[in-house]
2 protein chains.
Amino acid sequence: MAFQRNGAALAARIDAPSLPLDTILLGDCIAELEKLPAASVDLVFADPPYNLQLQGDLRRPDQSLVDAVDDAWDQFESFQAYDAFTRAWLLAVRRVLKPTGTLWVIGSYHNIFRVGASLQDLGYWILNDVVWRKTNPMPNFRGRRFTNAHETMIWASRGADAKGYTFNYEALKAGNEDLQPRSDWLFPICSGAERLKGLDGRKAHPTQKPEALLARVLLSASKPGDVVLDPFFGSGTTGAVAKRLGRHFIGVERDRDYAAAATARIAAVVPESEESIAQAPAKREAARVAFATVVERGLVPPGTRLTDERGRHEAIVRADGTLGFGAVIGSIHRIGAIVQGREACNGWTFWHVAEGRTLKPIDAFRDVIRAEGALAG
Amino acid sequence: MAFQRNGAALAARIDAPSLPLDTILLGDCIAELEKLPAASVDLVFADPPYNLQLQGDLRRPDQSLVDAVDDAWDQFESFQAYDAFTRAWLLAVRRVLKPTGTLWVIGSYHNIFRVGASLQDLGYWILNDVVWRKTNPMPNFRGRRFTNAHETMIWASRGADAKGYTFNYEALKAGNEDLQPRSDWLFPICSGAERLKGLDGRKAHPTQKPEALLARVLLSASKPGDVVLDPFFGSGTTGAVAKRLGRHFIGVERDRDYAAAATARIAAVVPESEESIAQAPAKREAARVAFATVVERGLVPPGTRLTDERGRHEAIVRADGTLGFGAVIGSIHRIGAIVQGREACNGWTFWHVAEGRTLKPIDAFRDVIRAEGALAG
DNA sequence: TCCCGAGATGAATCTCATA
DNA sequence: GTATGAGATTCATCTCGGG
């Protein structure tokens with residue numbers, strides 16, 4: 001994997017001749033990191049084990065079994081053991097980071113609080129926490145919690161006094177309809193053709209991250225020719241995106257199969273042209289607005305009487321954003337369907353609020369909220 | 001602040017006569033919590049300080065380049081103090097929480113990782129982390145980081161084995177376009193008329209939370225008449241929303257001015273009508289009806305042929321309310337599972353009776369009996 | 001070739017009353 | 001305490017096969 005066409009890449013090589021650029025180091029992450037020269041890496045992206053503590057099987061409503069992450073590498077005896085592991089790799093990473101370098105770590109509520117506290121303890125300085133909102137998370141099948149629809153990334157510098165880290169503010173802003181880049185990002189999970197498959201046709205790695213996520217990270221906090229280290233390389237998303245975007249990568253992975261899959265994957269990546277690397281546009285989606293939000297904002301207060309356009313049917317707005325029709329309670333759509341004796345109904349256009357002598361569809365209140373939420377890609 | 005019109009509220013008073021319901025306790029949060037009876041509170045919402053007296057300590061005193069180890073040690077000392085404070089109030093809260101009670105904590109990246117790690121260490125069991133995305137966050141003026149556009153809430157039960165916590169799944173789903181509620185919420189920050197002002201016209205409290213956010217929390221994880229405790233009461237948003245939604249509150253606040261402002265604020269709150277607050281009974285809470293009862297009433301006579309929705313499988317109703325599938329006899333659920341070769345099955349929704357040309361799920365007959373029971377009760 | 005429906009699947013700490 | 005069994009529970013997206 002050569003980047004000779006890139007002047008910055010050549011310079012990096014001369015500065016740090018012993019860096020194993022664009023290669024995967026097969027072995028334990030801490031041992032391998034200790035072989036690298038100090039202060040040699042511009043950016044670290046780490047996707048450590050999450051320490052999920054899963055109890056039994058989980059089945060979907062159709063009784064099919066959820067393919068859980070039950071791999072040995074995600075098993076820890078205790079929080080203490082997990083913390084010790086976390087501190088060890090965070091320290092090893094800190095040594096190889098340049099003074100201007102920054103670290104990204106991704107995790108879920110199972111581990112991210114421990115990681116965050118540990119990195120603060122070790123002197124890292126948090127610049128942001130960034131939320132990856134998933135457009136298509138796995139649902140909560142038992143209806144006993146909120147759908148776990150996001151993961152958290154922590155972006156940190158080596159210390160409070162670390163200056164000169166890379167943040168491509170202007171480019172990010174230009175790519176975000178001239179709005180400042182925010183700490184909440186929206187991406188689909190990795191699936192379809194992008195998802196690496198084994199010979200058996202099954203996913204090659206249980207937790208492969210989407211390339212779009214890594215692209216946003218690298219475009220935010222690194223420059224072309226920079227060295228990006230991933231101590232938990234896995235299926236090699238960091239390497240694939242780094243190659244595509246003209247960055248160097250160093251991966252550490254202890255599983256031989258993952259490393260082999262990543263090598264083949266990265267070999268197939270075609271780097272973008274230098275001109276196109278400057279920018280990555282952000283796509284915007286129409287926001288879905290819940291009626292509960294309309295109620296919570298006080299745009300349609302609880303107790304309000306809704307009617308259809310002709311005033312034939314009516315229902316009462318409840319505090320939780322449902323409607324009450326006599327003793328029956330349900331969504332604006334359900335109740336709309338019930339009062340008409342139909343299978344389905346678009347509650348947004350069916351239900352109206354009296355405003356003076358006229359009736360206003362509740363759909364109108366959505367626009368108010370959408371106007372606010374337009375900021376939030 | 002009386003809730004005499006509410007039967008549940010009266011009962012709560014009788015059950016726990018020493019609970020200072022709907023009042024603000026002026027004093028140190030830990031000392032005040034220790035005066036409350038154990039296992040007496042249904043829900044805790046906590047918005048703890050993250051700068052406290054520690055702010056100077058949390059930051060590096062000078063910008064000089066110090067040895068990294070010394071640097072880490074300095075920070076560890078001050079983080080340690082914050083952690084001690086955090087553990088103390090988390091422990092005090094844990095004592096007053098009912099076994100079925102849950103805790104919400106809100107914070108930003110400055111403190112939330114420490115809070116999350118501490119509460120895991122103390123045995124709390126995280127149910128979700130929930131992200132409050134702000135429609136209108138304060139911009140990042142220097143353009144050196146992402147706009148900090150969210151805060152994080154942690155929702156936790158007392159322990160991994162704590163069952164029976166309140167989660168109003170069906171109501172939340174009905175209020176969200178009939179989609180299950182997600183872990184990312186979108187609300188504006190508290191501003192305008194909702195923002196409490198002092199006599200000088202300036203904001204009365206620096207971190208007043210929006211009522212819509214608290215409303216979502218209370219509607220998600222509490223029932224009418226529940227006791228909601230806020231150990232860092234501040235401007236009293238928790239109390240105002242609790243009163244509006246027919247929940248009791250207990251606030252602890254050590255600042256006399258904040259407590260006074262909160263008292264006045266809450267006195268002006270008009271509770272919602274009982275109808276708009278009353279909860280629809282969740283399906284899992286509905287009265288159980290045995291299939292034998294359905295058969296005994298003749299709603300589905302013995303000998304009836306049941307099929308699945310597609311007519312692929314069939315079974316015969318027996319007089320005792322079991323099903324026969326060839327020589328195999330069992331409950332509607334067991335036989336439903338067996339004919340499909342599955343572990344489990346909800347026989348109520350799986351099995352259908354022919355009615356004219358259409359198929360009707362046997363679940364429909366349960367409603368008939370429940371309706372009778374409602375009349376009797 | 002295109003359309004449609006059925007099936008599969010994703011970092012998941014996923015029940016509860018009764019005996 | 002534990003064991004048992006009733007019965008409640010999913011959204012967006014991609015793949016594949018048949019018409």
Side-chain angles (χ1 to χ4, degrees), chain A residues 47-71 73-76 79 106-112 132 134-152 188-195 197 201-203 205-210 232 234 288, chain B residues 100 120 124-129 155-157 159-165 167 169-170 173 176-183 282-292 310 321 330-334 336-337 343-351 362-363 366:
Chain A
D47 183 9
Y50 285 10
N51 189 26
L52 301 184
Q53 296 164 51
L54 306 177
Q55 318 268 346
D57 288 345
L58 178 64
R59 288 178 184 276
R60 299 185 178 81
D62 66 2
Q63 300 301 320
S64 63
L65 191 63
V66 173
D67 184 17
V69 178
D70 52 4
D71 305 70
W73 50 254
D74 199 46
Q75 307 300 323
F76 293 84
F79 283 135
I106 187 168
S108 66
Y109 66 82
H110 310 83
N111 72 323
I112 199 65
W132 165 31
K134 304 178 183 183
T135 55
N136 50 349
M138 181 155 69
N140 183 289
F141 296 117
R142 310 308 293 266
R144 296 297 293 141
R145 304 179 174 197
F146 296 94
T147 301
N148 211 336
H150 74 276
E151 294 190 25
T152 301
I189 60 173
C190 180
S191 69
E194 186 186 322
R195 189 88 196 208
K197 304 292 196 305
R202 296 161 61 100
K203 59 189 176 191
H205 192 278
T207 70
Q208 186 180 341
K209 296 292 176 290
F232 307 98
R288 196 195 296 265
Chain B
T100 56
Q120 285 182 312
Y124 283 98
W125 191 248
I126 299 180
L127 299 169
N128 278 115
D129 59 335
W155 181 38
S157 66
D161 54 351
K163 304 291 180 194
Y165 60 86
F167 181 56
Y169 175 73
E170 289 178 87
K173 188 177 172 182
N176 185 42
E177 302 281 282
D178 289 324
L179 292 174
Q180 57 176 207
R182 295 170 44 115
S183 59
K283 252 185 209 150
R284 38 169 59 92
E285 291 161 6
R288 293 216 170 183
V289 174
F291 186 61
R310 306 258 188 93
S331 71
I332 52 173
H333 313 294
R334 270 314 322 128
E343 283 290 315
C345 166
N346 181 346
W348 289 108
T349 50
F350 178 75
W351 293 112
I362 59 175
D363 201 23
R366 245 188 334 183

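In what follows, chains carry the letters A, B, and so on, assigned in the order in which the sequence lines appear, proteins first and then strands, with residues in each chain numbered from 1.
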Which nucleotide sits closest to the side chain of [X]: [options]?
X	options	value
A:Ile189	D:dA8, C:dA12, C:dA11	C:dA11
B:Lys283	D:dA8, C:dA12, C:dA11	D:dA8
B:Asn346	C:dT9, C:dC14, D:dA8	D:dA8
A:His110	C:dA12, D:dG7, D:dT9	C:dA12
B:Lys173	D:dT10, C:dA12, C:dT15	D:dT10
A:Gln55	C:dC16, C:dT9, C:dC14	C:dC14
B:Glu170	D:dT9, C:dA11, D:dT10	D:dT9
B:Leu179	D:dA8, C:dA11, D:dA12	D:dA12

Rounded to whole angstrom, note down the [atom1] distance from [N] over to [M].
N	M	atom1	value
C:dT9	D:dT10	C1'	11 Å
D:dT9	C:dA17	P	14 Å
D:dG7	C:dA11	P	34 Å

Over all strands shown, is [X] touching base, sugar-phosphate only, or nothing at heavy-atom distances under 4.0 angstrom?
X	result
A:Pro137	base
A:Pro210	nothing
A:Trp73	base
A:Gln63	base
A:Thr207	base
A:Asp74	base
B:Arg366	sugar-phosphate

Measure [atom1]/[X] against [atom2]/[N] and give the value in whole Å, please.
X	N	atom1	atom2	result
B:Trp348	D:dG5	CH2	P	18 Å
A:Lys203	D:dT13	NZ	P	18 Å
A:Arg144	D:dT9	CZ	P	11 Å
A:Arg60	C:dA6	CZ	P	18 Å
A:Asp70	C:dG10	CG	P	12 Å

Would you tell me if any nitrogen or oxygen in the side chain of [X] comes within less than 4.0 Å of OP1 or OP2 on [N]?
X	N	answer
B:His333	D:dG7	yes
B:Ser331	D:dA6	yes
B:Tyr169	C:dT15	no

Rounded distance [0.5 Å steps], CG in B:Asn176 versus CZ in B:Arg182:
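Taking CG in B:Asn176 and CZ in B:Arg182, the distance rounds to 9.0 Å.
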Looking at D:dG7, does its base get a donor-acceptor pair with the side chain of B:Arg334 below 3.5 Å?
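Flag unset: no donor-acceptor pair detected.
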Record whether the side chain of A:Lys209 comes under 3.5 Å of the base of C:dA11 through a donor-acceptor pair of N or O atoms.
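When only heavy-atom distances are counted, A:Lys209 does reach the base of C:dA11 through a donor-acceptor pair under 3.5 Å.
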Taking for each residue the nucleotide of DNA chain D bearing the nearest heavy atom, is the 5' side occupied by B:Val289 or by B:Gln180?
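It is B:Val289 whose nearest nucleotide is closer to the 5' end.
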Residue met sooner reading DNA chain D from 5', once B:Arg288 and B:Asp178 are mapped to nucleotides
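Here B:Arg288 is the residue nearer the 5' end.
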Whether over 12 other heavy atoms sit under 6.0 Å from B:Lys283 NZ:
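Not buried by this count: 12 neighbours or fewer within 6.0 Å.
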Which base sits across from C:dT15 as a Watson-Crick or G-U pair, both distances under 3.5 Å?
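Across any shown strand, C:dT15 pairs with D:dA6.
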Identify the nucleotide, in any strand shown, that forms a Watson-Crick or G-U wobble pair with C:dC3, with both distances under 3.5 Å; if there is none, say none.
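Base-paired to D:dG18.
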Taking [X] for its side chain and [Y] for its backbone only, find out whether a donor-acceptor pair lies under 3.5 Å.
X	Y	value
A:Gln208	A:Lys203	no
B:Tyr169	B:Gln180	no
B:Arg366	B:Arg288	no

For B:Arg284 and A:Val66, take the nucleotide of DNA chain C holding the closest heavy atom to each; which residue's nucleotide lies nearer the 5' end?
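Counting from the 5' end, the first nearest nucleotide belongs to A:Val66.
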For DNA chain C, whose closest nucleotide is more 5', that of B:Trp125 or that of A:Cys190?
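Final value for this comparison: A:Cys190.
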Evaluate the side-chain proximity of A:Gln53 to A:Phe79: yes if any heavy-atom separation is below 4.5 Å, no if none is.
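They are in contact (side-chain heavy atoms under 4.5 Å apart), so the answer is yes.
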Are any of the side-chain heavy atoms of A:Asp62 and A:Phe141 separated by less than 4.5 Å?
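No, their side chains stay 4.5 Å or more apart.
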In terms of side-chain heavy atoms, does A:His110 have a donor or acceptor partner in A:Ser108 at a distance below 3.5 Å?
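Yes - a donor-acceptor pair under 3.5 Å links their side chains.
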